[in-house]
Amino acid sequence: MTSREIRQAFLDFFKSKGHQIVPSAPVVVKNDPTLMFTNAGMNQFKDLFLGEAAIKFPRVADTQRCLRVSGKHNDLEEVGIDTYHHTLFEMLGNWSFGDYFKKEAIQWAWELFTDVYQLDQDRLYVTIFEGDDSEGLAKDTEAYDFWKALIAEDRILLGNKKDNFWEMGETGPCGPCSEIHYDMRTDQERQEVSGQSLVNADHPQVIEVWNLVFMQFNRLKDGSLQPLPAKHVDTGMGFERLVRSIQGKTSNYDTDVFQPTIQFISQKAGIAYGADEKTDIAMRVVADHIRAISFAIADGQLPSNNKAGYVIRRILRRAVRYAYTFLNFKAPFINELVPLLAAQFDGVFNELKAQESFVQKVILEEEVSFLRTLVTGVQRFENYAEANTTIAGDFAFELYDTYGFPIDLTELLAREKNLSVDMVGFNEALQIQKERSRAATAIDTGDWILVNEDEGFEFVGYDTLTAKTEIVKYRKVSAKGKDQFQLVLSVTPFYAEGGGQIGDTGVLVSDVSGEKIYITDTKKENGLFVHFIDTLPQSFEGLFIAQVDQAKRVDTENNHSATHLLHAALKQVLGDHVNQKGSLVNADVLRFDISHFSKVTDQEIKQVEDIVNTKIRENIVLKEERNIPYQQALDSGVTALFGEKYGDYVRVITFDDTFSKELCGGTHVKATGQIGFFKITSESAVAAGVRRIEAITGTRSASVIREHFELVDQIKGLLNNPKDFVAAMGKLVEENGALKKEIEKTIIEKSLALKSDLESKLQQVGDVNFLATVVDLPNAEAVKTLAYALKGAVDNLFLVIGADFDGKPSLTVVISDELAKSRGLNAGHIIRDLAKDIQGGGGGQPFFATAGGKDSAGLATAIDRAIEFIK
């Protein structure tokens, strides 16, 4: 069977068992603060397991794209090295939400493996949870009994808590599990050593393929286990491992999931796959990483220098490094794999096919940028190696952190020059960075404390800014040394951050005591609206009045509705290729990122502004449609965003059916006239192939216009209110430029006048014309002019000049070219030594170097020490 047939057979099988086939969630997580990426098939169903959302389908199945490169599940450094670890992988899964449990899950797993896929039963082993006394958990005899009706008892193995009790994290849904393992060794190997002893022993050919999790507990903050409201089934089967088992391969990379990509890389590199382990690893790394990079970008996560964007950039740079070092790719080529990948997943994950051109261009730009950085890093290593006998740990870490060098690449470069790398120092620096990063992102979240019956919640914020409500539950959250609390309300008018729009703020007022509790933010977590407060109310009893900050909400709505008008206008002016790639909407400003590969010109910005402001003046009434079937909305021509997870029913926001029609959950103006005035304040590049537009509306635009008029009036007053304001400013700039040139000319003349005086002070030290002195010049350019004038006039010159620029000490070292070569002198090395006296640092070339510092008192010491370098 081909991989495509294997995947489809899984979905068809569970559809025949009454399962609803649902689409994969985006690999980038938008509404769960505990995750950056979807790392397991159950992520999108977590609220169902916890009973925090209504169950639409009691049985579902899907293939979910997952990414494991950070946090607890981090396989990145193993990828490409072994036969089965991946960054992005598909997780085939079937779920039961309070419907069937262990019996059906086990029977259907066996039926699928043996009847549909016809896997060799003699190669199958299963494990069940052996129990754990410390947790008060008994052996899973129920699963054992179901398995022994299907498979020989000697193939049912006991597994400990580590292997057979599945937990997503330190807290959350969990339960015992039953794994299915497949022994892929040769018959001879199987006769020599029983597969029983190799299960869960990290043997590369005896691998776990499917995990059946019986979700029945919720792990609380204190470590205790609380029974879930209902029992669930959560299964996860690694698609790549399954294909390998069915196709009889010894490596995931030898299947038709990866081989087309690997063969493409092999042909481009002119290196046969299988010829050498190092080049094989490099090909596997590239073939794996392109999948993670491409789908993350398609799902809305662009490479960047922070958080999830940094993870994606790291993966891409790891691929480029391997291709550069082991496959000799010195020019971009990884982007050329995108069309191949898009075709492979066409009809499975259509997001990539729909954005093929955009994804390829983003990766190309990143490749170009990093190859430049890589070359710079190699040159930096070469320069460092020339002047040092070992590679210091902090320098190796700088190459790793700044230039993306893996430590093994630094060691490789060092070995070529017979140098060693201080690995102790490197690991210390790496550990400090990890601890700093961990501390910066650490969040300590307490358990929910139930106050009133949890019967779900209702959001009424589209229709009102005030509502009577009850506090359902609360918990404590600590981050960065600050304690806060989170509330869940039975009814809330507060919009939770989403779709780029910030969360509402406001107050809760007790109907009983009148106490006010200020809500500082509102966020969404797995379907719940969570309200942030700094202090808990004195009493949770009775009703509360929830009141949104009206002024802030109105200004935010102005900006959000303006982004819809902006999006439509940009498509008109720039083309249909423009798609939203991110946004931020708050009360002060709107920020809108779009896919576009060139600067938006001033003329184009004016056109966009004119279109948006025309629509504002038309005072178009908002057309809001709620609970529209998703496919019906798409068929009507609505704009949907890639990377968003839409439900079965959606909300459609329309401003003129022929102009702007989008899926959106945010809050909006009742008519466009409320926006007032729209003005773009900046346009810039934010990432490869992505432009960022910032703009203002409403209250903020009125304020800025007023400030600009006041500023112009002030400048006119300073210029004695000329008739032609622009001409007067031009004349002032011209006069200022002329004065600067005169001053520069005077400074140069002064520095050259010093030349003769300093020549007379030269000392003959052996064959060297030596001078170390402090001069009175106003800036570094003047010192440089003097230094080069002396260098051009005096042979065998060794010159050290000190100067003080308004309390900022400076040193300059100049050495004649011939002297630098004959004596092995290096101005860059010397300046670093002398700079210590002024508490500073610097560098430069062998014949010219400069340094700045903090302590002017140290200039005299540096000047006195200068002669030591030529004795």
Side-chain angles (χ1 to χ4, degrees), residues 376 380 383 715 718-719 729-763 768-820 825-870:
T376 303
R380 183 159 174 72
N383 293 340
I715 296 173
L718 292 172
L719 296 174
M729 282 296 297
K731 183 178 179 182
L732 186 65
V733 171
E734 187 179 324
E735 290 174 351
N736 185 56
L739 287 172
K740 279 186 175 180
K741 287 182 180 179
E742 285 296 321
I743 292 170
E744 289 171 2
K745 182 180 177 183
T746 302
I747 291 172
I748 290 172
E749 288 175 350
K750 181 179 179 181
S751 59
L752 291 176
L754 277 174
K755 173 175 172 286
S756 299
D757 181 50
L758 295 185
E759 280 183 299
S760 66
K761 295 179 180 179
L762 285 166
Q763 301 176 40
V768 177
N769 288 307
F770 171 79
L771 177 62
T773 187
V774 176
V775 300
D776 180 20
L777 287 172
N779 57 42
E781 193 60 35
V783 173
K784 184 177 181 180
T785 300
L786 173 61
Y788 271 96
L790 284 165
K791 184 172 181 287
V794 179
D795 293 332
N796 279 2
L797 177 68
F798 186 97
L799 174 67
V800 179
I801 299 176
D804 189 317
F805 308 136
D806 295 324
K808 295 179 180 179
S810 165
L811 287 168
T812 300
V813 175
V814 179
I815 305 174
S816 295
D817 295 2
E818 318 83 51
L819 188 62
L825 297 172
N826 187 304
H829 297 166
I830 294 169
I831 201 74
R832 281 195 284 271
D833 190 317
L834 294 176
K836 295 174 184 176
D837 296 324
I838 58 172
Q839 296 181 24
Q845 300 166 299
F847 56 84
F848 181 85
T850 60
K854 301 175 183 176
D855 184 13
S856 296
L859 279 173
T861 303
I863 294 301
D864 289 343
R865 286 204 305 119
I867 198 168
E868 297 173 2
F869 293 94
I870 58 168

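For reference, positions follow the sequence shown, starting with 1. Basis for what follows: all heavy atoms, side chains included, without hydrogens, waters or symmetry-related copies.
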If you round to the nearest 0.5 Å, how far is CD1 of Ile815 from CG of Leu825?
-> 5.0 Å
Lys755 and Ala793 have their tightest heavy-atom pair at CE-CB, 3.7 Å
Close side-chain approach of Phe848 to Lys791, heavy-atom, < 4.5 Å | no
Enter the distance from Thr785:OG1 to Leu754:CG here, rounded to the nearest 0.5 Å.
-> 11.5 Å
Taking every heavy atom of Leu799 against every heavy atom of Ala787, the minimum-distance pair comes out as CD2-CA, 4.2 Å
May I ask you to test the Leu758-Leu786 pair for a side-chain heavy-atom distance under 4.5 Å?
-> yes
How far apart are the closest heavy atoms of Asn826 and Gln845, and which atoms are they?
-> OD1-O, 4.2 Å
Any chance you could lay out the side-chain contact (heavy atoms from CB on, under 4.5 Å) test for Leu719 and Leu732, step after step, and finish with the verdict?
-> CA-CA 9 Å; Leu719 296 174; Leu732 186 65; 4.0 Å; yes
To the nearest 0.5 Å, what is the distance between CG (Leu819) and CG (Leu797)?
-> 8.0 Å
For Ala820 and Pro846, the nearest pair of non-hydrogen atoms, with its separation, is CB-O, 4.4 Å
Within the side chain of Arg865, is there an N or O that forms a donor-acceptor pair under 3.5 Å with the backbone of Asp833?
-> yes
Side-chain touch Leu834/Val800, heavy atoms, less than 4.5 angstrom = yes
Closest heavy-atom pair and its distance - Ala772, Ala866 = CB-CB, 3.8 Å
Should the heavy atoms of other residues, nucleotides or ligands under 6.0 Å from CD of Glu735 be counted, would the total exceed 12?
-> yes
With distance as the sole test, does Asn796 use its side chain to make a donor-acceptor pair with the main-chain N or O of Glu818 at under 3.5 Å?
-> no
Under the side-chain contact (heavy atoms from CB on, under 4.5 Å) test, residues paired with Ile838 that sit two or more places apart = Pro809, Leu811, Leu859
Test item: Lys740 and Asn736 side chains (from C-beta on) under 4.5 Å apart, heavy atoms | yes
Rounded distance (nearest 0.5 Å) linking atom CG of Asn769 with atom CZ of Phe798 = 12.5 Å
Check Ala851 against Ala835 and note the closest heavy-atom contact, atom names and distance.
-> CB-CB, 3.8 Å
Separation of Asp804 CG from Asp776 CG (nearest 0.5 Å) | 9.5 Å
Between the CG atom in Leu771 and the CD atom in Glu759, the distance rounded to the nearest 0.5 Å is 10.0 Å
